[in-house]
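See structure below.
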Amino acid sequence: MVDDEKIVSEDMGVQVEKNENMEMRSFGTVKRWATKRSLWMVHYCTGCGGIELAPLMTSRYDMERFGMHPMVTPRQSDVLLITGYVNIKTLKRIIRTYEQMPDPKYVIAFGSCPINGGPYWDSYATINHLDKYIPIDLYIAGCMPRPQSIVRAFEDLMDMIQDGTADGYMRYKKYYEPYKANQEKIFRKWW
Amino acid sequence: MKEVDLFFGPQHPGITGNFSVRVKIDGDTVVKAQAIPGFLHRGFEKLMEMRHWMQGPPLICRICVPDADHSETGYSMAVERLAGIEVPERGKYIRALTLEMSRLSAYLFYFAGYGGSIGLYTIAQWAIGDRDYLLDLYEELTGARVYHIFNFPGGPRWDTPEGFEDRVDKVMDYLEKRLKEYDKLYFNNMVFLKRSQDVAVMKKSYAEKMEVTGPNARATGWAIDVRKDDPYAAYPDLDFELITQDEGDSYARVMQRRLEFQQSIDLVRQITKKLRSMPRGNVRLIPNALHWKIPRGEAYAAVESSKGELGYYVVSDGGISPYRMQVRGPSISHGVQVYEEMIVGQRLADVAALMFSLDVCPPDIDR
Amino acid sequence: MSEQEIAERIAKFPGADVEVLRKGQIAVKVPAEKGHDAAAYLKKMGFAHLVAVEYVDWIKENEFELVYNLFSYKMKMRAFLKVRIPRDKPEYITFMDLWPIAMTHEREAHEMMGIVFRKNPNLTPFILEDWKNLPPMRKDFDSRKYVKDKYDSIPFAEGGEQ
Ligand code: SF4
């Protein structure tokens with residue numbers, strides 16, 4: 001873990017005792033501010049929700065006014081938006097994509113399917129709880145959620161990034177073993 | 001030269017949804033391709049065996065995402081045929097209205113997708129923006145933007161709100177006006193012409209051999225359409241002629257949709273005109289939703305979705321839920337075998353463009 | 001031509017049990033060993049298009065039913081060619097020689113129902129990935145139990161309640 005990531009929920013105004021940390025801390029704040037204003041999103045439509053991304057990216061809801069933009073490769077992106085139900089075959093690719101993304105990275109689960117299975121709760125193909133396999137920062141409930149709620153979610157995500165509570169990628173490192181164990185349990189083989 | 005194996009998707013912006021193609025390329029010419037579907041598999045056919053008859057449409061509409069109304073209507077029609085019930089006249093017209101609007105919005109999505117895949121992003125912005133007017137109409141009628149859950153066995157859920165027909169006509173006028181601008185920007189655009197003419201030609205005989213349906217088949221000059229061949233809803237009473245093209249290349253496939261877009265606008269106008277002159281109210285027969293038993297037997301019902309023939313084969317054993325339901329998605333022919341064969345010999349840049357031009361809808365292959 | 005007339009013409013095929021289901025739909029039952037001949041006969045008659053291959057598990061009778069869904073654009077008529085094969089030995093012959101598209105449909109039936117189509121070269125995994133259980137569309141495969149055992153038993157990685 002990097003130093004500036006340790007200081008969660010403190011901002012520039014707070015007086016700190018040790019002088020040598022001061023620079024680091026204000027740098028962290030500025031960095032988080034910069035991160036939140038240029039979130040790039042992996043262009044991966046995993047489920048039905050992908051269809052609402054099109055209006056979101058075009059003129060009516062216009063995501064770019066928040067500095068957000070779809071990015072074609074995971075290695076240059078910050079946000080992984082899971083747009084809907086995840087079946088086993090896709091989950092493998094999602095984990096692959098997620099692990100390729102550089103820190104800091106954020107995951108938003110979109111729709112009720114990744115939360116608890118939604119209408120496919122008893123389907124043999126879809127996993128019901130996505131948060132058993134990768135950490136999730138934010139959930140958007142609904143089936144399917146409207147573009148406005150995605151915009152709202154991004155606003156919330158920005159606030160969370162600023163105050164440091166969007167810490168999914170740190171949790172992934174901390175609980176790496178259990179996450180990996182869960183993933184191993186449902187995949188017969190990786191590739 | 002050395003051949004290279006390339007995974008195209010599933011995480012790739014040039015893929016229609018969550019789908020993958022494994023191509024072998026020599027230079028940048030494709031020599032072999034293998035479509036890998038299954039990323040969107042949910043096991044609808046199994047799930048339906050655990051749901052009541054009336055719980056079908058809320059689940060089934062998710063089979064093809066851009067064209068949800070056709071999915072739910074196909075299922076409803078199969079159940080109606082099995083139970084031997086007939087939808088009231090006004091219900092049929094409302095059903096046809098939602099279907100045609102769904103076709104319009106799916107075609108707009110198609111224009112956007114194909115435009116995006118060849119680098120014309122303005123058309124993508126325009127078409128998706130204009131599609132939202134249709135979604136707003138849907139929202140007024142059904143309460144939802146994408147999944148309307150509106151066409152149930154027995155008829156649509158409710159009647160149109162007061163003055164809805166006028167608002168539909170207004171949007172149709174707008175779309176028609178926009179179509180002229182699309183012509184200037186897109187359908188006569190040099191980039192579009194160069195990238196689509198004589199690319200991936202599908203012969204009529206090939207289309208017949210591989211059971212291609214829908215606009216793709218009509219673009220080869222084969223005049224088939226479930227709306228004419230096995231009429232349903234209000235289509236027998238509507239006045240329209242099948243449009244066909246002869247070339248069968250990507251250009252013809254896009255133009256086919258463009259001409260059918262105009263035709264759908266006309267159809268919607270015919271429907272709204274008729275709806276205005278009809279007495280309101282009686283749109284639906286309501287069976288007892290929870291204990292609705294359907295007599296033993298089997299039935300097949302197909303609808304002409306924006307991608308081709310979407311069919312449902314439903315088997316009942318006399319119980320409260322289907323014994324077996326199977327979906328015939330249109331993309332199962334043109335998305336797997338046909339695509340694999342047609343892409344061979346094309347350039348790498350056309351892998352995505354061909355997928356968009358054939359309008360492959362992965363969720364209806366996977367179900 | 002009406003359904004009745006077409007049904008009579010189909011009934012000329014030895015062993016065919018023809019039933020008119022409703023307007024535009026005819027069911028044709030034939031014994032399994034005559035399936036391929038019957039399909040060729042129907043194709044010659046005008047049912048030239050294979051729309052889909054449906055498969056039904058009749059577990060009580062211990063049989064699988066394969067339904068070849070044929071359509072004739074000339075007569076505007078659908079014919080369901082049905083054959084039944086034993087559940088213990090789910091094997092049948094491919095119809096690829098009549099309709100090349102049968103390859104994909106049979107590939108799916110092989111994966112979802114576990115039916116082996118002889119002479120079909122492409123019975124590789126199609127939709128599912130490393131699936132080791134019973135084929136999922138079989139009636140004795142219990143999806144809810146599978147979900148319970150496989151997904152619901154996994155604990156949350158960071159602790160917490162189910
Ligand atoms: S929550 Fe609803 S819309 Fe979203 S993926 Fe699930 S079923 Fe589809």
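Proteins get letters first, then strands, A, B, ... in listed order; numbering begins at 1 in each.
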Quiz item: What's the spacing between B:Asp225 CG and C:Tyr73 OH if we round to 0.5 Å?
Solution: 9.0 Å
Quiz item: Which bit of C:Lys139 is near chain B, if near means a heavy-atom gap under 4.5 Å: side chain, backbone, both or neither?
Solution: both
Exercise. Rounded to the nearest 0.5 Å, what's the gap from CD1 on C:Ile127 to CZ on B:Phe39? Could you check?
Key: 11.5 Å
Self-check item: chain C-proximal positions within residues 304-315 of chain B [heavy-atom distance under 4.5 Å]
Solution: B:Glu309, B:Tyr313, B:Val315
Quiz item: Is it the side chain or the backbone of C:Lys74 that comes within 4.5 Å of chain B heavy atoms, both, or neither?
Solution: neither
Quiz item: Which answer fits B:Arg81, side chain, backbone, both or neither, if we ask what part of it has an atom under 4.5 Å from a heavy atom of chain C?
Solution: both
Quiz item: Looking only at heavy atoms, what is the nearest atom pair of C:Ala48 and B:Glu211, with distance?
Solution: O-OE2, 4.0 Å
Quiz item: So which heavy atom on C:Phe71 is nearest to which on B:Asp229, and how close?
Solution: CZ-CB, 4.0 Å
Quiz item: If you count the non-hydrogen atoms of other residues, nucleotides and ligands that lie under 6.0 Å from CZ in C:Arg144, is the total more than 12?
Solution: yes
Quiz item: Taking all non-hydrogen atoms of both residues, which atom of B:Met50 and which atom of C:Ser143 are closest, and how far apart?
Solution: CE-CB, 3.7 Å
Quiz prompt | Side chain / backbone / both / neither for B:Glu298 at chain C, heavy atoms under 4.5 Å | solution = both
Self-check item: Heavy-atom pair of closest approach, residues B:Lys46 and C:Phe141
Solution: NZ-O, 2.9 Å
Quiz prompt | Flag, side chain of B:Lys209 to backbone of C:Pro100, donor-acceptor distance under 3.5 Å | solution = no
Self-check item: Part of C:Asn69 lying under 4.5 Å from any heavy atom of chain B
Solution: side chain
Self-check item: Spacing of CE belonging to B:Met325 relative to CD belonging to C:Glu54, to within rounding of 0.5 Å
Solution: 10.5 Å
Self-check item: Engaged part of C:Met112 at the chain B interface, taking heavy atoms whose separation is under 4.5 Å
Solution: side chain
Quiz item: Rounded to the nearest 0.5 Å, what separation is found between the CG atom of B:Asp230 and the CD atom of C:Gln25?
Solution: 7.0 Å
Quiz item: Does C:Lys76 reach the main-chain N or O of B:Lys228 with its side chain, forming a donor-acceptor pair under 3.5 Å?
Solution: no
Exercise. Select one option (side chain, backbone, both, neither) describing which atoms of B:Leu40 are under 4.5 Å from chain C's heavy atoms.
Key: neither
Practice problem: Kindly say whether C:Tyr55 contributes a backbone atom to a donor-acceptor pair with the side chain of B:Arg324 at under 3.5 angstrom? | Solution: yes
Quiz item: Hey, does the side chain of B:Arg328 reach the backbone of C:Val51 with a donor-acceptor pair shorter than 3.5 angstrom?
Solution: yes
Quiz item: Which residue pairs pass the side-chain hydrogen bond (donor to acceptor under 3.5 Å, both in side chains) test with at least one member in residues 96-106 of chain C, sequence neighbours excluded?
Solution: B:Gln337-C:Thr104, C:His36-C:Asp97, C:Thr94-C:Glu106, C:Glu106-C:Asn120
Exercise. Hey, could you give me the CE/CD1 distance between B:Met210 and C:Ile101, rounded to the nearest 0.5 Å?
Key: 4.5 Å
Self-check item: B:Gln326 side-chain N/O to C:Val53 backbone N/O, donor-acceptor pair under 3.5 Å
Solution: yes
Exercise. Side-chain contact test, heavy atoms from C-beta onward, threshold under 4.5 Å: evaluate it for C:Phe126 versus B:Val336 and give yes or no.
Key: yes
